[in-house]
Amino acid sequence: MQIRRLREGRGYSLEELAERSGLSFRGLIYIEHGQRSPSVLTLLDIAAGLGVEPGELVNHIAREGVGEPGPQQSGPTIERS
């Protein structure tokens with residue numbers, strides 16, 4: 001997620017973003033460090049606190065192709081004699 005990059009780009013401390021988004025400081029730390037997965041409602045609160053669209057928080061996933069299916073892999077090759 002892009003929370004830390006967006007937060008630092010705006011010059012917000014963790015405390016300031018927590019206050020702006022209505023979240024606890026500790027909860028925000030856990031989310032930012034990847035120790036907890038935020039709910040959709042929490043993502044909306046964080047996006048509002050940062051003044052961005054919610055998609056901006058996860059845009060890097062689409063750009064990097066995460067979650068897209070990889071090439072089809074077949075099972076083991078059996079050689080016949």
Side-chain angles (χ1 to χ4, degrees):
M1 264 192 266
Q2 300 288 328
I3 297 170
R4 183 174 185 174
R5 183 184 62 79
L6 292 167
R7 176 180 61 78
E8 290 177 345
R10 284 160 176 70
Y12 297 162
S13 66
L14 277 166
E15 295 90 349
E16 187 172 1
L17 179 56
E19 184 176 318
R20 290 166 86 47
S21 60
L23 301 173
S24 72
F25 172 75
R26 186 166 305 277
L28 189 57
I29 289 174
Y30 287 143
I31 293 168
E32 192 173 279
H33 289 255
Q35 295 174 344
R36 289 198 182 146
S37 297
S39 69
V40 172
L41 293 177
T42 299
L43 283 176
L44 293 173
D45 290 337
I46 293 170
L50 289 167
V52 300
E53 293 295 319
E56 283 294 307
L57 299 177
V58 292
N59 252 354
H60 70 288
I61 294 172
R63 285 194 306 270
E64 294 172 2
V66 175
E68 293 180 9
Q72 292 286 338
Q73 293 184 354
S74 59
T77 304
I78 300 173
E79 293 186 27
R80 298 185 193 266
S81 41

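Keep in mind the model is a prediction, meaning the values are calculated, not measured.
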**OP:** Establish whether Leu23 and Tyr30 are linked, either directly or via other cluster members, by ILVMFWY side-chain heavy-atom contacts under 4.5 Å.
**Re:** no

Between the OG atom in Ser21 and the OH atom in Tyr12, the distance rounded to the nearest 0.5 Å is 10.5 Å

Side chains of Val52 and Ile46 in contact at under 4.5 Å (non-hydrogen atoms) | no

Taken to the nearest 0.5 Å, the spacing of Ser13 OG from Phe25 CZ works out to 8.0 Å

Exercise. Is the closest side-chain heavy-atom distance between Pro38 and Leu43 below 4.5 Å?
Worked result: yes

Between Leu50 and the options Arg7, Glu56, Arg20, the side-chain contact (heavy atoms from CB on, under 4.5 Å) test singles out Arg7

To the nearest 0.5 Å, atom CZ of Arg4 lies from atom CD1 of Ile29 at 10.5 Å

Q) If you count the non-hydrogen atoms of other residues, nucleotides and ligands that lie under 6.0 Å from CD in Glu8, is the total more than 12? A) yes

Between the CD atom in Gln35 and the CD atom in Glu32, the distance rounded to the nearest 0.5 Å is 11.0 Å

query = Just wondering, more than 12 heavy atoms not from Glu53 lying within 6.0 Å of its CD?
reply = no

Indicate if Leu44 and Leu57 have the same hydrophobic cluster label, given that clusters are the connected sets of ILVMFWY residues with side-chain heavy-atom separations under 4.5 angstrom. no

dist Arg5:CZ -> Arg10:CZ (nearest 0.5 Å) comes out at 8.0 Å

Does the side chain of Leu17 reach to within under 4.5 Å of the side chain of Ile3, using non-hydrogen atoms?
-> yes

